[in-house]
Structure formats: structure tokens, C-alpha cells
Enquirer: 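Let me give you the structure first, and then I'll get to my questions.
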Amino acid sequence: MWTNPDSNELERYQELPEPLKLTRYLRLLKPDPTGWVSILRLGEPSNPHSTLTCVLVNSTDVPKILSHPDWSVDDLGSSWNSTSRNPIFEEGLSAIRNGYTMHFFAQARHHQGFVQRTIELTPSFLWWLRLIQADDGHWIRIDDAGRRHDVIQTSRFEDGGYDVQVDAVYLRRYLAARGMSLIVQHRHTVWTDLDNVDRIDLNLRSNTAIIDYCATPTNGSTKHNFFADILGKHAILPFDRVGEGPDDTLRPEKFQEFIIGTDPSTGEVIRWTCDVPYIEHSKPGEPNYLTPVYFDTDVLTRYREDTTTYVLSRTRLWCLDLWGLDLDINDEGLVQLWLGDMKHQLPEPEREHWLVHNVVPRGGVTEIRYRRDVLNQWNVDDQRPDVGNLRRARTKLNAAVVAEHGVELYRRLGKHDQQEFDGLSLCTNSSASQRDLSIVVLTKGVVDALDVKVLRKLADADKSEASLNCLQAWIGSLGGDTDELCGPLRLLQTMRSTGSAHLKGSRYDAAIASEGWGSLSPDKQFQQLVQRVTTALDEITKLISRSSSPTPSEGDNA
């Protein structure tokens with residue numbers, strides 16, 4: 001490791017206590033990291049005298065900046081001016097020293113103790129990676145497939161210190177795109193009490209690092225009598241090849257093979273690449289774009305649980321404004337896609353996720369899917385259970401009350417409740433926990449959000465009357481069937497209050513049994529519940545519309 005191998009000094013170095021060898025700091029000198037790499041540091045929980053700063057330089061200037069161990073610059077990231085005979089303003093974004101230019105990359109800006117230091121990075125790094133600041137000192141990015149990646153993370157110490165780390169792969173892709181290297185400047189000191197040890201001086205010189213090491217007595221200048229110190233710099237190098245962007249794999253796209261059937265003579269599954277031609281360009285008897293492929297519904301769980309990134313319905317999956325996928329859930333409860341859509345609508349990284357959930361065909365393509373996608377009958381009325389249909393029914397009901405009475409039946413949900421309600425979809429697995437959480441969210445949006453003050457006026461009810469009692473009274477006054485129209489909402493509230501949000505008891509079992517759902521899996525129970533509530537909301541809307549229509553006069557009848 002050391003490039004001035006004085007055998008005597010090396011022997012004395014090896015005899016030092018481990019902390020004084022500063023090995024963990026020497027491990028930071030890797031020029032080609034692929035994990036997390038520290039670029040800014042001030043102190044550590046176990047050592048307050050550990051400092052890192054960094055600058056960008058053109059890769060051709062690395063030998064120049066590594067010609068001496070002293071820091072080349074420490075004021076980038078701060079602006080200043082001088083009003084002397086030669087007035088000058090330094091913007092803090094670049095500096096020229098010894099014939100080469102250094103550029104600002106990152107700094108922890110000081111605020112005189114008013115607030116903690118803020119971590120700031122060169123805009124081009126933030127822009128190129130489309131970084132999003134998630135919280136203090138923490139940036140993430142969403143790649144072209146819609147997946148989140150931590151890119152910058154910051155650890156804060158009690159004494160005001162910090163350690164800023166960057167994902168080295170993204171950093172080195174950025175460096176390759178700019179033709180630059182990142183120079184990390186080091187200063188690490190460890191103090192202790194140690195007697196009868198002479199001064200030790202060692203040097204490390206390479207194409208990517210220059211380090212001076214010193215271990216020496218303090219001669220009584222501090223409370224400890226001995227310290228070891230590192231001063232120097234090392235380069236983090238760019239990748240050898242430059243991609244078109246942060247997500248460029250620098251390789252041809254991979255087209256996975258999916259199960260399309262079973263060989264009737266051997267029972268072996270038949271797989272086929274998703275890189276298939278459209279029907280008009282396919283060979284007779286060979287798979288084409290509209291060859292159906294099937295997946296278990298759990299493939300949708302990761303999308304269903306992230307409502308900030310994905311929107312899921314029975315027939316469509318959206319990922320922000322990045323991509324969308326047409327799908328269907330057939331009568332066997334399998335997710336059905338077209339083989340060609342796997343290539344054209346799903347990014348390559350997402351296809352790997354779907355591949356894990358790929359199953360043999362079962363249940364076939366639904367009539368609705370066939371009529372829409374094959375026969376181009378896009379006006380097919382899809383009345384199958386879907387939370388999207390339920391939300392639309394809720395919206396229509398609210399609009400009908402506004403039109404008839406000038407007030408909204410539903411109160412506005414809070415931000416988080418609205419996000420959960422908007423992102424709710426049918427269950428994607430048969431777990432009771434997913435069903436129970438779904439019932440809680442659905443109850444908030446459909447029952448809890450009812451404006452009881454509005455309902456009391458509509459029903460001319462007492463001020464202490466509960467919302468569903470008022471709704472039932474109002475429906476009765478309009479001539480509606482209260483059991484048919486209020487029953488599903490009461491059932492929803494009962495399932496939430498007797499089981500989903502509390503310990504399950506006999507009332508919960510009774511509610512399930514009364515609907516004949518005892519033999520259904522939890523996901524099917526939720527599906528039935530969604531359908532019943534949707535129908536009830538639609539029927540209430542029709543009831544309001546009928547009640548507001550003028551009664552035909554005798555003259556009209558004539």
C-alpha cells in the first residue's frame with residue numbers, strides 16, 4: 001500500500017494500535033466504487049476530526065490535481081467579493097488553480113448556527129438524474145420504469161456534523177456523461193495517549209490517490225499525547241462508456257419469454273418471446289401480438305400498495321406519466337395481457353417482475369376484452385365489480401344531490417384519505433388483511449364522508465340522528481326501498497366496525513353468513529361488497545332523479 005517502503009517505519013506503523021493505522025479511512029480511496037460513497041463529511045460519532053470535501057475536474061486534469069497532497073480548494077460552494085484596487089466577485093462555482101479548473105459539485109452550507117447546514121449539489125447533477133428531494137439531505141429518483149432509487153443520503157450527528165453519501169453508480173454515470181472525475185479531499189485525525197513511539201511518516205502515491213500519513217507525539221499541545229493524521233486526495237473515476245441517459249443499460253433490450261400454453265403431448269409449458277409481430281405480419285400458426293398470457297393477481301399487489309406512483313383499475317394500470325398497461329381479470333381470477341403489450345407497454349425492468357407471476361393459461365379471454373380489443377367495440381358496458389365504477393357512482397350521486405338541493409352529500413376527504421380512496425382497487429391477493437384494510441378505506445370514502453348535517457335537513461331528522469339513519473329516512477320519504485338501498489352501506493359499516501378495524505366477533509361472522517359469503521375467499525368477499533355498494537349508490541341516484549322529475553299533467557297524458 002505505502003509507496004515509500006522504509007522498512008523501519010513500516011514496522012513501527014504495523015505495531016501501532018489499530019485505530020491509529022486509520023485503515024477505515026484508507027478504505028475510502030477506491031477509484032471505482034459501485035456502492036455508496038461518501039463525498040462530504042464533517043466529523044463522526046466516534047471521531048470529530050474526519051473531514052471530506054469534493055470538487056469536479058476534467059478527467060485529463062486528474063494527474064495535475066494529484067501532484068500534491070494539500071487540498072486544492074475549499075471555498076467552492078460559497079460566493080464572495082473584494083472591493084480592493086482590483087474588484088472581484090467569485091461566484092463559487094469554479095476556481096482555477098495551477099493551470100486547471102475545478103468545478104463545484106457539493107457543499108454543506110453553513111448558516112451561522114441559525115439552522116443546521118444545508119446540503120447543496122450542482123444543479124446539473126440534480127437535473128440530469130431528475131432528482132427529487134424527499135427530505136433533509138435525502139434525494140431520490142424515479143427511473144424510466146417508475147421505480148424509486150435512493151441516490152443521496154445524509155447522516156446527521158449530534159454535534160452538527162454530517163456524512164453525505166451518493167450512489168456511486170449514478171455518480172459515475174454522470175461523470176462519464178460530463179467527461180469528468182470527482183476529487184475527494186481527505187483530512188482524518190485520531191488522538192490517543194501513547195508513549196515511547198517516534199514519529200512515523202508514510203506516503204501513498206498512485207494514479208488515483210495521493211496521501212500523506214503522519215503519526216507523532218503532540219509534545220503536550222493537547223490533552224492527548226499522540227495522534228495519527230491523513231491528508232490527501234483521491235479520484236473517483238467515470239465509467240468507461242457513456243450512455244444516452246441515467247437508465248441506459250448500454251446493451252440491447254432484453255425480451256423475456258412468457259408462458260403461452262402447455263404442450264399436450266408432454267405437459268411441458270410453452271414459452272415465447274414478447275418480441276412478437278402484429279397479426280398482419282405474423283406467420284400462420286405462430287404466436288403474435290394478440291396471443292394471451294396470464295398472471296396471478298398478486299403481480300398487481302406492489303402497484304396497488306403504492307398509490308403515489310400507480311393507479312390500478314380492473315382494466316388498466318398507470319405509472320405516473322411514464323407508462324400504462326392494458327389488462328383484464330378473467331373469470332378464473334387471473335390477470336390477462338396480450339403478449340405484444342408486454343413489449344410495447346411495459347418497460348424492460350417491469351417485465352422481470354411480471355415474469356415471476358406468469359402462470360399457465362386458465363379461464364381464457366373474457367368476452368368484454370375480446371369485443372373491445374379484437375372486435376374494436378369500445379362502447380361495451382362493463383358492469384363487473386370495480387372500485388373505479390364505485391367511485392364514479394359516488395360522484396354521480398353527489399352531483400345529483402347538488403343539482404336537486406344545492407348542497408353536497410359528501411364532505412371533502414382529507415389529503416391522505418382522498419389519496420387512499422382514489423387509489424383503492426379490488427384485492428390482488430386472498431389475504432384477510434388486504435381485505436380488511438380495503439374495507440376501512442372504502443368505509444371512510446362512502447359512509448364516514450357523508451355530511452350528516454345535510455342528511456338531517458333532507459330527512460327532517462333530529463340533530464342527534466346518525467348519518468345512515470338519516471339517509472334511510474330520506475330514501476323512505478322518496479319512496480325508495482330502504483333495505484335495498486341502505487343495506488349495502490350498513491353492511492359496509494358493520495364489516496368495518498365489527499371486524500376490519502377491531503377484533504372480529506360474532507357480529508362479523510353473522511354479517512358474512514347473512515350475505516352467503518362464508519365460502520368465499522376474502523378478496524371475493526370484498527369484490528361482492530364493492531358490487532353491492534356500487535349498485536346501491538347508482539339506484540339512490542336514479543331515485544333522486546325520478547323524484548325530481550315533474551309529474552305529467554292530464555293534458556300531457558292526453
Side-chain angles (χ1 to χ4, degrees), residues 144-146 252-304 310-389 425-426 428 527:
D144 291 340
E253 184 176 0
K254 178 182 177 182
F255 299 108
Q256 293 84 348
E257 294 184 347
F258 293 88
I259 299 170
I260 62 170
T262 303
D263 189 322
S265 61
T266 65
E268 293 294 323
V269 297
I270 302 171
R271 299 179 185 272
W272 204 269
T273 174
C274 61
D275 187 18
V276 288
Y278 292 98
I279 294 178
E280 59 268 27
H281 303 301
S282 62
K283 296 179 181 179
E286 283 198 355
N288 56 52
Y289 195 105
L290 290 181
T291 297
V293 285
Y294 300 83
F295 307 84
D296 63 66
T297 53
D298 209 26
V299 70
L300 300 173
T301 298
R302 66 179 292 265
Y303 306 115
R304 185 184 194 269
Y310 304 99
V311 176
L312 175 64
S313 74
R314 184 169 190 137
T315 58
R316 181 78 172 167
L317 170 64
W318 295 266
C319 176
L320 301 175
D321 58 359
L322 293 170
W323 55 266
L325 177 66
D326 294 313
L327 56 88
D328 194 28
I329 300 175
N330 70 10
D331 296 336
E332 290 283 341
L334 295 182
V335 180
Q336 183 264 310
L337 273 64
W338 304 121
L339 185 59
D341 281 347
M342 301 300 297
K343 170 188 175 182
H344 292 282
Q345 295 189 2
L346 269 181
E348 180 189 330
E350 286 303 290
R351 295 200 290 266
E352 291 291 338
H353 167 70
W354 285 75
L355 191 61
V356 175
H357 297 270
N358 191 200
V359 297
V360 296
R362 192 177 70 247
V365 177
T366 64
E367 179 185 355
I368 289 176
R369 180 78 188 250
Y370 183 81
R371 289 174 63 185
R372 284 178 174 173
D373 290 14
V374 179
L375 302 181
N376 291 321
Q377 298 176 358
W378 291 99
N379 60 343
V380 177
D381 188 18
D382 190 350
Q383 292 297 321
R384 295 176 298 175
D386 185 17
V387 183
N389 290 339
S425 65
L426 296 178
T428 54
Q527 184 171 300

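Numbering of residues begins at 1 and proceeds along the displayed sequence. From a predicted model like this one, the values you see are computed outputs, not experimental measurements.
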Enquirer: Under 3.5 Å, side chain of Arg271 to main-chain N/O of Ile260, donor-acceptor pair present?
Expert: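 No, the answer is negative, given that no donor and acceptor are paired below the 3.5 Å cut-off.
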
Enquirer: Would you mind telling me which of Asn389, Asp328, Thr315 makes a side chain to side chain donor-acceptor pair (under 3.5 Å) with Arg384?
Expert: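 That would be Asp328; it is the only one of Asn389, Asp328, Thr315 passing the side chain to side chain donor-acceptor pair (under 3.5 Å) with Arg384.
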
Enquirer: Could you label the plane-to-plane angle of the Tyr289 and His344 rings as parallel, tilted or perpendicular, counting under 30° as parallel and over 60° as perpendicular?
Expert: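 Rings of Tyr289 and His344: parallel, under 30°.
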
Enquirer: Would you say the side chains of Gln377 and Tyr370 form a donor-acceptor pair under 3.5 Å?
Expert: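 Result is no, nothing qualifies.
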
Enquirer: Could you state the interatomic distance from CH2 (Trp272) to CG (Leu339), rounded to the nearest 0.5 Å?
Expert: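 The distance works out to 10.0 Å.
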
Enquirer: Quick one: list whatever passes salt bridge (charged side-chain N to carboxylate O under 4.0 Å, His left out) with Asp341, sequence neighbours left out.
Expert: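 So Asp341 forms no salt bridge (charged side-chain N to carboxylate O under 4.0 Å, His left out) with any residue.
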
Enquirer: Report yes or no: does Arg304 contribute a side-chain atom to a donor-acceptor pair with the main-chain N or O of Ser425 at less than 3.5 Å?
Expert: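 Yes: the side chain of Arg304 pairs with the backbone of Ser425.
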
Enquirer: Is it the case that Asn288 and Glu286 place a side-chain donor and acceptor less than 3.5 Å from each other?
Expert: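 No, no side-chain donor-acceptor contact under 3.5 Å.
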
Enquirer: Just by distance, do the side chain of Gln345 and the backbone of Asp326 share a donor-acceptor pair under 3.5 Å?
Expert: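 Yes; judged by distance alone, with no hydrogens or angles, the pair exists.
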
Enquirer: Measure from the ring center of Phe295 to the ring center of Trp354 and say whether it is less than 6.0 Å.
Expert: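 Centroid distance Phe295-Trp354: below 6.0 Å, so yes.
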
Enquirer: Do any N or O atoms from the side chain of Arg351 and from the backbone of Gln256 form a donor-acceptor pair under 3.5 angstrom?
Expert: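 No: the side chain of Arg351 does not pair with the backbone of Gln256.
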
Enquirer: Does a sphere of radius 6.0 Å around CD in Glu367 hold more than 12 heavy atoms from other residues, nucleotides or ligands, not counting ones at 6.0 Å or beyond?
Expert: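 No, not enclosed.
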
Enquirer: Tell me if the aromatic rings of His357 and Tyr294 count as close, with their centers under 6.0 Å from one another.
Expert: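 No.
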
Enquirer: Does the pair Lys254/Glu348 count as a salt bridge with the N-to-O cut at 4.0 Å?
Expert: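 No salt bridge links Lys254 with Glu348.
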
